[in-house]
2 protein chains.
Amino acid sequence: MGRWEPNARGRLANAALELYSERGFEQTTVAEIAKRAGLTERTFFRHYADKREVLFAGSGELEEAFVKAVADVPKSAAPIDAVAVGLDTLAEFFVDRRDFARRRQAVIMATAELQERELIKLASMSAALADTLRRRGVAEPAASLTAEAGVAVFKVGFERWIGAAEEREMSRFMRESLDELRTALTGN
Amino acid sequence: MGRWEPNARGRLANAALELYSERGFEQTTVAEIAKRAGLTERTFFRHYADKREVLFAGSGELEEAFVKAVADVPKSAAPIDAVAVGLDTLAEFFVDRRDFARRRQAVIMATAELQERELIKLASMSAALADTLRRRGVAEPAASLTAEAGVAVFKVGFERWIGAAEEREMSRFMRESLDELRTALTGN
DNA sequence: CACCTGATGTCATTCACTGTCATCACGTAA
DNA sequence: TTACGTGATGACAGTGAATGACATCAGGTG
C-alpha cells in the first residue's frame, strides 16, 4: 500500500466533473475540488495547469492518434481521404463513452471559459493535422484549409453524435458530415 | 470641454495594445494599462469585461456586417456563394488597416489566452452565420458546415493577407482560399 | 542505518475581477 | 439662479485563481 491514495490525477478529474455538473464551473472553487479528492488546492495545480485544463486531460492522446492515423495512410490517397481515415480513428476513441462525453459536453457548453479551452484544443488539432499534411507533400494553403475542414467535420459530427436520440456509431456521423460539406461547397 | 478627457474606451484600448506589444500580455497588469490611459483599474473593468476583451472591441460590428451581407444576398444564390459575398464585405473592414491588424495579431499570437479569445469570437461568427443560413432555408448539418467552412476560409485568408510581403486586397486572398478549399475537398 | 527522491502539505504573495459607496461636473427644471 | 438628478469616475475592501518557497515524510537504495 502506497503512502498516498492512488490515482490523484483521476480523483481530481472526477471530482471536478462532478462539481462542475452539480453547481456549475464558476460556482466551484479549486479548493472544493481538491477537498473532494482528498487533496489540497496546491496539489491540484501540480496536476493541472489551471481550473479548466482538468476537463481536457485526454486531448493530447486524441490529437496524437488523429495525426498518426493520417500519417500512416498511403501517400497515394488524396489528402481529404487521409483526413477521413483520421476521423474514423477518432471515432474509435469514443466507443462506449457517449454518456461520459455528454456529461462533459454539457458542462463545457454551459461556460464560455470552457468553450474557449475546447476551441484551442481543436485549433491545436488543426495545426498538427496541417503539419502532417505538409509532410505528405500538400502545399499551403491547401494543407491548412484541408485541416480546418477536417476539424470542422469533427466538430459538427461530434455534436450530432452527442445529440442523436438513438445510439449510432460516431464514424457514420463523420462520414455523413464530410459528404454534406463536399456538396455544400460544390453547390449540388 | 467635458469633465473628463474624451474617449476613455479608446485610450484604454490604445494603452493596452501598446503595453501588450512592449512587455507582453502576461507581464502587463490592468493597473498599468489604466494608469497609461489616465484612469483607474476599476474604470478599465467598467469598459471591458476582462483583460483580454480590450483587444476585441470591434468584433461585434464585424460579425454584424458579415451576417447582414449574407442575409442580403438574393436567395437564389447558393449558400456558399452568399458566404463568399460576406467574406468580401469583411475584407472592406480591413482596407488601410493592415499595419494595425499586424500589430494586433502579433500580440494575439504570442499568448495562448488571447488566441482562445480570438477563437471564441470566430466561433461566434460561425454560429451567427449558420443561423443566417438556416433562415435562408438551409437545413442542418449543411448550414453549420457551410458556416464553419466560411470561417475557415476567413482564418486562412486573413493569415495569408497579414503575412504577404506585398500589399494585396484582402478579398483576393479570400477568393483564392475558397477556391483552394473547394479543390481540396473534391480531390482535383 | 543514513540518505535520497518524489508526491504532498503549508504559507505567503500577486493579480484579475467584483461589489459598494463616495465624488463631482454637467444638464435641467422650477 | 438654485436645487436636484445623472452618469462617469475614484476609493476601498474582498474573493479566488495561480505561483513560489520551504517543510514533511514514506519508500527505495547503498
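Small disclaimer: the values here were computed from a predicted structure and weren't measured. Throughout, a chain's letter reflects where its sequence line sits, starting with A, and its residues are numbered from 1.
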In terms of side-chain heavy atoms of [X], which of [options] is nearest?
X	options	result
A/A8	D/dT9, C/dT8, D/dA18	C/dT8
B/T40	D/dA11, C/dT8, C/dT18	D/dA11
A/K51	D/dG10, D/dA17, C/dC17	D/dA17

Quick test of your reading of the model: are [X] and [Y] salt-bridged, counting only N-O distances below 4.0 Å?
X	Y	answer
A/D99	A/R103	no
B/E116	A/R52	no
A/R23	A/E32	yes
B/E176	B/R168	yes

Can you check whether B/H47 has a side-chain N or O nearer than 4.0 Å to OP1 or OP2 of D/dA8? no

Would you say A/T43 reaches C/dG9's phosphate, i.e. side-chain N/O to OP1/OP2 under 4.0 Å?
yes

All N/O contacts under 3.5 Å from nucleotides 20-22 of chain D to the protein, with atom names and distances to one decimal?
| from | atom 1 | to | atom 2 | distance (Å) |
| --- | --- | --- | --- | --- |
| D/dG20 | N7 | A/R42 | NE | 3.4 |
| D/dG20 | N7 | A/R42 | NH2 | 2.8 |
| D/dG20 | O6 | A/R42 | NE | 2.8 |

- Classify the nucleic acid contact of B/R52 as base, sugar-phosphate or nothing, counting any heavy atom under 4.0 Å across all strands shown. sugar-phosphate

Atom-pair distance ([atom1] on [X]; [atom2] on [N]), nearest Å:
X	N	atom1	atom2	answer
A/Q27	C/dT18	CD	P	13 Å
A/N7	C/dA7	CG	P	13 Å
A/R11	C/dT8	CZ	P	8 Å
A/F45	D/dG16	CZ	P	13 Å
A/L19	D/dA17	CG	P	12 Å
B/R23	C/dC15	CZ	P	12 Å
B/F25	D/dA18	CZ	C1'	14 Å
B/E41	C/dC17	CD	C1'	8 Å

Over 60° means perpendicular and under 30° means parallel, so tell me whether B/F94 and B/F154 are parallel, tilted or perpendicular.
tilted

Would the number of heavy atoms belonging to other residues, nucleotides or ligands and lying under 6.0 Å from CD of B/E169 be above 12?
no

Check your understanding: Do A/S171 and A/L87 come close enough that some side-chain heavy atom pair is under 4.5 Å?
Key -> no

Distance col, row A/I80:CD1 vs B/T183:OG1, nearest 0.5 angstrom, shows 11.0 Å

Salt bridge (Lys or Arg N to Asp or Glu O under 4.0 Å) pairs touching residues 76-90 of chain A, sequence neighbours excluded, are A/D88-A/R175

The correct set of residues in residues 29-37 of chain B placing a heavy atom under 4.0 Å from DNA chain C is B/T29, B/V30

